[in-house]
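Let me begin by presenting the structure, written as structure tokens, before commenting on it.
In what follows, every chain begins at residue 1, and chains take the letters A, B, ... in the order their sequences are listed.
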There are 2 protein chains.
Amino acid sequence: MSGEDNLLRLVEAEDGDENNYHLQDQVGFILRKAHQRHVSLFASHIADLTPPQFAALAKLYDIGETSQNQLGTLIAMDAATVKGVIDRLKARGLVEVSKHEVDKRRLLVNLTPEGREAIERLIPLARTITEETLAPLTAKEAATFLRLLAKLA
Amino acid sequence: MSGEDNLLRLVEAEDGDENNYHLQDQVGFILRKAHQRHVSLFASHIADLTPPQFAALAKLYDIGETSQNQLGTLIAMDAATVKGVIDRLKARGLVEVSKHEVDKRRLLVNLTPEGREAIERLIPLARTITEETLAPLTAKEAATFLRLLAKLA
DNA sequence: TCAAAATCATTCGTATGCAAATGATATCAG
DNA sequence: CTGATATCATTTGCATACGAATGATTTTGA
């Protein structure tokens, strides 16, 4: 073994691999992949709606009519994003919009009967998607994971 | 208390809240929010590069020259997405592309000296971003979380 | 060998996602 | 009361993200 080899080993030992950056170990990268997997599972069960569109319908089903901005806050979308989502749901007749009588800035959004029928039909599928997303974990692991994930979100 | 009230309570008790779908408890929704938070933290530390762009540079720094398609596989991007990312990195002089001598289908991608300088400068910031992303968790919780998250990704 | 299948890259279309700028309206403070 | 500030919605621009279609090239298999 040469002196150079000894020096190299010493340096590596001192560094303890700290100089080696592995993308696949970074929480951001894994988070992105886990999210991708979930979206893919979602699409395999609910082909005609995206997760954000589903989120909008589910929240409207939960709380009833609300303003576009407030809906965005509740489903974690900024104003520009939620507008696009609502526009597409409106074009498909799943939601309807109206002006707020008092505050003329606000745009009220609500489910149409078709939208209500759709979300009622889809919620059971969404439960399946949640199950499949968590399928690699045991029940106990899934509970732990959800608790910790919620802390990060 | 009326008979109607009793009936309502009975129904609710039987349902055990199972008919009530809460978006904010679904793993997909929380995953999306956690990812959003990470991207936001990333942007606050590294303003001139997106997480996918950083991933491309970090992987090229790790493994050296590779084909665009292979790079996409390694950083979990489909062919259409990785093309856009590489195009933008190329336009900024951080990567350079060349044709594979033998297999004329392949487009080889590699860091430029500027790209290498950039990723070496940014990796310490990325470590900080990872720390801040996991900051709401204790060290033990973070280890558990990463282990379970990896199972889902 | 040579036609079929697979791989690599590109392009198009659609859908988030967010920053920044803008306009309309509402609220607040002096 | 009114000017400053805040809120709501829209628009623009840029950057992922992915399905589907296409073309070029390579590999496979009968």
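Whole-Å rounding puts the H38(A) NE2 to dT16(C) P distance at 13 Å. The distance from atom CG of L49(B) to atom C1' of dT16(D) is 13 Å, rounded to the nearest whole Å. Between I86(B) atom CD1 and dT16(D) atom P the separation is 10 Å, expressed in whole Å. dG17(C) atom P lies 13 Å from atom NZ of K33(B), rounded to whole Å. Distance, N69(B) CG to dT7(C) P: 10 Å, rounded to whole Å. If you take CG of L71(A) and P of dT16(C), they are 13 Å apart, rounded to a whole angstrom. We find that CD of Q70(A) is positioned 14 Å from C1' of dA9(D), with the value rounded to whole Å. Distance R106(A) CZ to dC8(D) P: 6 Å, rounded to the nearest Å.
In this structure, T144(B) and E141(B) have side chains that are not in contact, with every pair of non-hydrogen atoms separated by 4.5 Å or more. Between R37(A) and T133(A) the shortest side-chain heavy-atom distance falls below 4.5 Å. Within the 4.5 Å cutoff, side-chain heavy atoms of Q70(A) are placed close to those of L74(A). The closest side-chain heavy-atom distance from K104(B) to K99(B) is not below 4.5 Å.
Taking a cutoff of 4.0 Å between a charged side-chain nitrogen and a carboxylate oxygen, E114(A) and R92(A) do not qualify as a salt bridge.
Here S67(B) does not reach the OP1 or OP2 of dC8(C): none of its side-chain N or O atoms lies under 4.0 Å away.
Residues of residues 87-100 of chain B that place a heavy atom closer than 4.0 Å to DNA chain C do not occur.
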Under 3.5 Å, N/O pairs linking protein and nucleotides 2-5 of chain D:
none

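Remark: the backbone N or O of A76(A) is paired with a side-chain donor or acceptor of Q36(B) at under 3.5 angstrom. The backbone N or O of L94(B) sits less than 3.5 Å from a side-chain atom of T112(B), completing a donor-acceptor pair. Between the side chain of R32(A) and the main chain of P51(B), no donor-acceptor pair closer than 3.5 Å is present. Of the possible polar contacts, one joining the H100(B) side chain to the D103(B) backbone as a donor-acceptor pair under 3.5 Å is found.
Here dT10(D) is the nucleotide among dA9(C), dT10(D), dT10(C) with the atom lying nearest to any side-chain atom of K83(A). Looking at the side chain of Q53(B), the nearest of the listed nucleotides dT10(D), dA9(C), dA15(D) is dA15(D).
Of the residues listed (L125(B), I119(B), L89(B)), the one engaging L49(B) in a side chain to side chain contact (heavy atoms under 4.5 Å, CB included) is L89(B), and it is the only one.
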(Q) I need a per-nucleotide contact map over nucleotides 17-26 of chain D, read 5' to 3'. Cutoff is protein heavy atoms under 4.0 Å; write B for the base, S for backbone only, - otherwise. (A) BBB----BBS
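Aromatic pair F42(B)/F54(B): centroids less than 6.0 angstrom apart.
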